Asker: 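Below you'll find the structure I mean.
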Amino acid sequence: MKIDLTVNGRAASGEVEARTLLVDFLREQLRLTGTHVGCDTSQCGACVVMVDGKSVKSCTMLAIMAAGCDVTTIEGLANGAELHPMQQAFMDNHGLQCGFCTPGMVMSGLDIVNRHGRDLDAATVRRELNGNICRCTGYQNIVKSIREGARAMGD
Amino acid sequence: MYSFSYHRPASVAEAADLIANAADGKLVAGGQTLLPTMKHRLASPSDVIDLGAIAELGGIVVNGNIVTIGAMTSHAEVAASGEVQEAIPALAALAGNIGDPAVRNRGTIGGSIANNDPAADYPAALIALGATVRTNRREIAGEDFFAGMFETALEEDEIIVAVDFPRPEAAAYMKFENPASRYAIVGVFIARTADGARAAFTGATDCAHRAHRLEEALANDFSPAALADFQAPVDRMNADIHASAEYRAHLVRVMAQRAVAACA
Ligand SMILES: Cc1cc2nc3c(=O)[nH]c(=O)nc-3n(C[C@H](O)[C@H](O)[C@H](O)COP(=O)(O)OP(=O)(O)OC[C@H]3O[C@@H](n4cnc5c(N)ncnc54)[C@H](O)[C@@H]3O)c2cc1C
Ligand code: FES
Ligand code: FES
């Protein structure tokens, strides 16, 4: 089946099977390998992307369900060589170690800003990250990164 | 995941036709339960009928004392709805505590109640609030809808259209959640209505049930103290890696007391 959608602001299309997951379409057909598969069981959040402005686990959505939608992945955030403020904040605050969870953390961070604004307390960030698992950092610097990235998005 | 044919009907009538004519059809709403189940090959439908494009299944409407929530309304929409927050704040709070934000953006009330996971949150709310499930064929009282583990009163190919919730005087839901999945290890929903106290629990047994004994204990004294000696039947409680039967029985009382206190 053919699908047409918008990915990171550009028209994209492809042939998919009905069972193709959105994450597999993004990674294998569009070669946008920034979105990761951590668990493939809807638990870890490494695969979080925005679909029509809302965070979704792309391992738990069919590609065909995203037909006609506007999808943003981690690759869609930077402006050329200039990182998005949320990405920059992860770099500045040592918000990652192995980096596997990071794309999902950054996308979920942006979703938190969309819903809670740019002045975030740590408790809110921790609660809102309950669908994102990190095996390395202990979360401390992820929370710090998201709070700082949120503030910096106003600059 | 095995392959299947995908359909995206624009109306309930069209969806009903598609599912009736499919060899082994499955409706999909948010897919947050069905897709993981299909990945595990625990389900392998021949046809998947996506309800996502059916406008008549969406939306939240308040009409007098009834809050109507369309089957395809996501948990995030219910949590963020000003109407639900005003009429039944406990229901908005319940929806806002299901799973995590990404699950709440896709998962729907219709999918949650059709699935009837033993630890799901919405079933307790439907029973305690005296809600009515409307399908493409009939109306079913919330209390009669949940039949057992992953079983409901739905007939084959019946489609949930909406749920009608009467506005209570006060209500609260307390869940002791599994820290990984956020599903309820035990959840208790208490409503104070014109007809007295209504209560339901989830997570404790095969599925959510009305808690008649809790209601009796609260009939003359709607206070946490009235439940001080309440004993849930240990022999009927689930026991698993997360909690023993004794612990679940204990949690039923504690969650019920907290919910009553929160109704004040
Ligand atoms: C990580 C994670 C955490 C979760 N945590 C919780 C939690 O804390 N509490 C909780 O309650 N739930 C939790 N869930 C489940 C979540 O709420 C699901 O969204 C819900 O159980 C299913 O809704 P869905 O819309 O995704 O349904 P789907 O997965 O699309 O469908 C589920 C079933 O319902 C049927 N169905 C769907 N819509 C209809 C309809 N209109 N009429 C008839 N049948 C229909 C389908 O055929 C299917 O059998 C969690 C899920 C995940 C992945
Ligand atoms: S890969 Fe999607 S939630 Fe883990
Ligand atoms: S940085 Fe390694 S999983 Fe989070």
Side-chain angles (χ1 to χ4, degrees), chain A residues 1-3 16-24 35 37-69 103-105 107-116 124-133 146, chain B residues 1-8 10 22 25-54 72 74-77 79-80 93 96-108 111 117 177-183:
Chain A
M1 307 167 97
K2 179 158 186 289
I3 56 168
V16 297
E17 281 189 74
R19 64 178 167 175
T20 304
L21 299 171
L22 178 58
V23 69
D24 292 330
T35 302
V37 180
C39 65
D40 207 9
T41 56
S42 323
Q43 312 282 327
C44 76
C47 64
V48 168
V49 301
M50 297 282 183
V51 177
D52 290 339
K54 290 180 182 151
S55 63
V56 307
K57 291 178 170 175
S58 61
C59 75
T60 313
M61 181 169 179
L62 300 174
I64 198 147
M65 290 171 157
C69 293
M105 291 290 178
M107 300 313 285
S108 293
L110 294 175
D111 187 62
I112 298 173
V113 174
N114 285 344
R115 287 177 296 112
H116 294 275
T124 302
V125 175
R126 284 180 186 278
R127 189 183 65 240
E128 293 290 332
L129 279 185
N130 69 13
N132 293 77
I133 294 173
I146 290 179
Chain B
M1 195 185 299
Y2 290 110
S3 58
F4 53 85
S5 306
Y6 174 84
H7 311 270
R8 197 172 170 83
K26 257 299 188 197
L27 304 169
V28 67
Q32 300 303 288
T33 295
L34 184 63
L35 293 178
T37 311
M38 287 169 63
K39 284 188 191 179
H40 283 121
R41 297 184 169 177
L42 296 170
S44 51
S46 62
D47 294 78
V48 169
I49 294 124
D50 187 348
L51 303 176
I54 305 180
M72 284 301 289
S74 71
H75 308 329
E77 287 169 316
N97 264 322
I98 294 175
D100 58 62
V103 167
R104 292 195 288 275
N105 279 335
R106 298 283 308 157
T108 67
D117 189 288
E177 62 188 26
N178 176 320
S181 73
R182 313 283 152 182
Y183 272 105

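Only a predicted model underlies this, so the values are computations on that prediction, with no experimental measurement involved.
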Asker: Do the side chain of B:Asn105 and the main chain of A:Val56 share a donor and acceptor less than 3.5 angstrom apart?
Answerer: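 Not a single qualifying donor-acceptor pair exists.
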Asker: Pick whichever of A:Met65, A:Gln43, A:Met107, A:Glu17 has the most heavy-atom pairs under 4.5 Å with chain B.
Answerer: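 With the most close heavy-atom pairs to chain B, the winner is A:Met65.
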Asker: Of the listed residues (A:Asn132, A:Asp111, A:Asp40), which shares the most heavy-atom pairs with chain B below a 4.5 Å separation?
Answerer: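 If we count pairs closer than 4.5 Å to chain B, A:Asp40 comes out on top.
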Asker: Would you say that B:Asp100 contacts A:Glu128 through its side chain, given a criterion of any heavy-atom pair below 4.5 Å between the two side chains?
Answerer: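 The answer is no; the side chains never approach within 4.5 Å.
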Asker: Given that the side chain runs from C-beta out, which part of B:Val48 has a heavy atom under 4.5 Å from chain A: side chain, backbone, both or neither?
Answerer: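 Neither part, no heavy atoms under 4.5 Å.
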Asker: What heavy-atom pair brings B:Pro101 and A:Asn130 nearest, and what distance separates the two atoms?
Answerer: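 Where B:Pro101 meets A:Asn130 most closely, the heavy atoms are CD-OD1, 3.8 Å.
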Asker: For chain B, find which of A:Ile133, A:Val51, A:Leu62, A:Leu129 contributes the most heavy-atom pairs closer than 4.5 angstrom.
Answerer: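 The option with the most such pairs is A:Leu62.
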Asker: Sub-3.5 Å donor-acceptor pair from the side chain of B:Gln32 to the main-chain atoms of A:Thr60, do we have one?
Answerer: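 Yes, the answer is positive, given that a donor and an acceptor are paired below the 3.5 Å cut-off.
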Asker: Relative to chain B, which of A:Ser42, A:Gly45, A:Cys59 shows the most heavy atom pairs under 4.5 Å?
Answerer: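 Heavy-atom pairs under 4.5 Å are most numerous for A:Cys59.
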Asker: Please flag which part of A:Arg115 lies under 4.5 Å from any non-hydrogen atom of chain B: side chain, backbone, both or neither.
Answerer: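 Side chain only.
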Asker: For A:Lys54, does the NZ atom sit with more than 12 other heavy atoms under 6.0 Å from it, leaving out its own atoms?
Answerer: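 Not more than 12 within 6.0 Å, no.
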Asker: Decide yes or no for A:Arg19 and B:Lys39: does some side-chain heavy atom of the first lie under 4.5 Å from some side-chain heavy atom of the second?
Answerer: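 No, every pair of side-chain atoms sits at 4.5 Å or beyond.
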Asker: Quick one: closest heavy-atom pair of A:Ala18 and B:Tyr6, and the distance?
Answerer: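 It is CB-CB, 3.8 Å.
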